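Some notes on the structure that comes next.
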Amino acid sequence: MAATTEAKAEGTPCWADVLLPDLEAGKRFYGELFGWTFADSTETYGPYTMAFSEGRLAAGLAPKGDGRMPTAWGVYFATRDAVGLTGRIEEAGGRVITRPLRVGSAGITALVTDPGGAVFGLWQAEGRAGFEKQGRPGSFAWTEVYTRAPDKEAVDAFYETVFGFRARDLDDPSVDYRVWSPASAETASDETAIGGRSVIGPAFPAEMPAHFLVYLAVEDCDEAAAEAVRLGGRVTEEPFDTPYGRIAVLADNQGAVFAVLAEPKAA
């Protein structure tokens with residue numbers, strides 16, 4: 001996908017960042033793993049670091065202001081009206097954690113949850129649209145929400161109501177996975193897909209909460225996994241092949257979990 005500075009369509013992922021206890025350690029880890037460079041920003045109401053891949057905005061790193069906050073990656077969905085959208089989210093069974101807040105001249109953000117408790121952000125772009133690089137090595141590639149089976153129907157209805165997602169289930173009956181396309185798409189297809197919904201099954205720890213998993217694109221999945229371990233991280237799910245590429249789930253040197261995706265090589 002080509003780099004863009006244009007505002008994203010309503011309901012599409014437009015930004016991702018990671019909340020860390022040690023920002024400098026995070027810069028060392030992600031700088032070496034993805035070749036990112038960094039610039040500190042003062043536009044928010046606290047320290048924030050912008051990560052660049054090939055000189056283009058790729059993600060953010062933020063320090064934890066409270067030890068009770070999770071060390072985790074988060075994703076933000078684009079909206080033209082953060083205030084109106086938070087109202088629809090509450091009406092659809094979600095919860096607003098942080099009401100819409102202006103971030104300098106960059107835009108307006110809010111933090112919310114779906115009915116299953118998965119946290120995500122909203123971004124109403126003004127001076128900053130979000131990703132300038134996306135879908136290529138060193139940048140955001142995909143996201144999916146993991147929810148508990150008892151919450152699945154409410155969660156599916158929530159995203160399709162709030163964002164108007166066009167949804168389709170995978171043809172494989174052994175996999176409970178729903179793919180989302182934006183409301184602007186004529187049909188739900190691989191070409192228009194922007195994210196998905198999975199289910200937290202018995203293979204996951206019983207205490208695992210509902211959450212979003214952020215995927216970052218890499219050239220070589222196995223090399224990225226080995227490099228993450230060398231840098232003090234760990235592999236939580238070994239590299240495996242899918243029709244969409246080779247995937248591994250990793251944790252950084254402070255415990256934040258993310259996935260890496262290497263697209264299939266052209267024949």
Side-chain angles (χ1 to χ4, degrees), residues 1-18 30-31 33-38 50-61 73-79 107 120-123 125 128-145 159 163 165-168 170 177-198 212-225 227-228 237 239-250 252 256-267:
M1 184 181 296
T4 180
T5 57
E6 296 179 359
K8 308 289 185 182
E10 182 87 9
T12 56
C14 63
W15 191 243
D17 59 19
V18 60
Y30 290 105
L33 183 62
F34 296 121
W36 285 349
T37 57
F38 304 97
M50 313 299 291
F52 296 81
S53 177
E54 299 179 316
R56 287 169 286 183
L57 280 171
L61 283 68
W73 275 91
V75 65
Y76 296 75
F77 290 90
T79 179
F120 62 97
L122 308 177
W123 182 249
R128 184 179 298 133
F131 300 124
E132 293 177 347
K133 180 180 177 182
Q134 183 176 347
R136 304 206 331 255
S139 66
F140 175 87
W142 184 254
T143 191
E144 61 205 12
V145 65
Y159 288 103
F163 290 118
F165 286 156
R166 298 182 184 276
R168 66 180 179 87
L170 293 188
Y177 194 94
R178 176 163 288 195
V179 180
W180 300 326
S181 291
S184 58
E186 291 187 7
T187 60
S189 67
D190 286 348
E191 289 71 30
T192 59
I194 52 89
R197 185 271 300 147
S198 191
F212 272 89
L213 180 64
V214 169
Y215 288 69
L216 298 165
V218 293
E219 288 281 2
D220 187 300
C221 178
D222 296 76
E223 286 184 7
E227 180 69 358
E237 191 165 358
F240 62 97
D241 291 314
T242 77
Y244 307 100
R246 190 161 173 82
I247 293 169
V249 182
L250 313 175
D252 69 18
V257 174
F258 62 101
V260 290
L261 167 65
E263 291 189 354
K265 300 296 183 183

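The structure presented is a predicted model; accordingly, all values stated were derived computationally and were not measured. We count residues from 1, following the sequence as given.
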Tell me, with the steps shown, if Phe140 and Tyr215 meet side-chain contact (heavy atoms from CB on, under 4.5 Å). CA-CA 6 Å; Phe140 175 87; Tyr215 288 69; over 6 Å; no
Taken to the nearest 0.5 Å, the spacing of Asp252 CG from Leu33 CG works out to 9.5 Å
Glu144 side chain vs Gly196 backbone, donor-acceptor pair below 3.5 Å: no
Separation between CD1 (Ile247) and CH2 (Trp142), nearest 0.5 Å, reads 10.0 Å
Minimal heavy-atom distance between Pro264 and Pro243, with the atoms involved, is CG-O, 4.0 Å
In this structure, OG of Ser189 is separated from CZ of Arg168 (nearest 0.5 Å) by 7.0 Å
Item to complete: For the pair Tyr159 and Phe212, name the ring-plane relationship: parallel under 30°, tilted 30 to 60°, perpendicular over 60°.
Response: perpendicular
Evaluate the ring pair (Phe, Tyr, Trp, His ring centres under 6.0 Å) criterion for residues Trp123 and Tyr76: first the C-alpha distance (whole Å), next the side-chain angles of each, then the deciding distance (0.1 Å), finally the verdict. CA-CA 6 Å; Trp123 182 249; Tyr76 296 75; 7.2 Å; no
Here the pair of heavy atoms bringing Arg178 nearest to Ala167 is CD-CB, 3.6 Å
Between the CG atom in Leu213 and the OG1 atom in Thr143, the distance rounded to the nearest 0.5 Å is 6.5 Å
All heavy atoms of Ile194 vs all of Pro13, minimum pair found to be O-CG, 3.5 Å
Heavy-atom closest pair (Arg56 atom, Glu132 atom, distance to 0.1 Å) is CA-OE1, 3.5 Å
Could you go step by step and tell me if Trp36 and Phe52 meet the ring pair (Phe, Tyr, Trp, His ring centres under 6.0 Å) rule?
-> CA-CA 5 Å; Trp36 285 349; Phe52 296 81; 10.0 Å; no
Practice problem: Ignoring hydrogens and angles, tell me if any N or O in the side chain of Thr192 forms a donor-acceptor pair with the backbone of Ala188 under 3.5 Å. | Solution: no
d(Gln134 CD, Leu216 CG) to nearest 0.5 Å is 11.0 Å
* Asked: Should the heavy atoms of other residues, nucleotides or ligands under 6.0 Å from CD of Glu263 be counted, would the total exceed 12?
  -> no
OH of Tyr177 to CZ of Arg197, rounded to nearest 0.5 Å, is 9.0 Å
| task | On the 0 to 90° scale, with breaks at 30° and 60°, tag the Phe120-Phe77 ring pair as parallel, tilted or perpendicular. | result | perpendicular
Note: Trp73 and Tyr30 closest approach over all heavy atoms is NE1-OH, 2.9 Å
message = I want to check something: taking the side chain as every heavy atom from C-beta on, are Thr12 and Phe163 in contact at a cut-off of under 4.5 Å?
response = no
For Pro137 and Ser53, the nearest pair of non-hydrogen atoms, with its separation, is O-OG, 3.9 Å
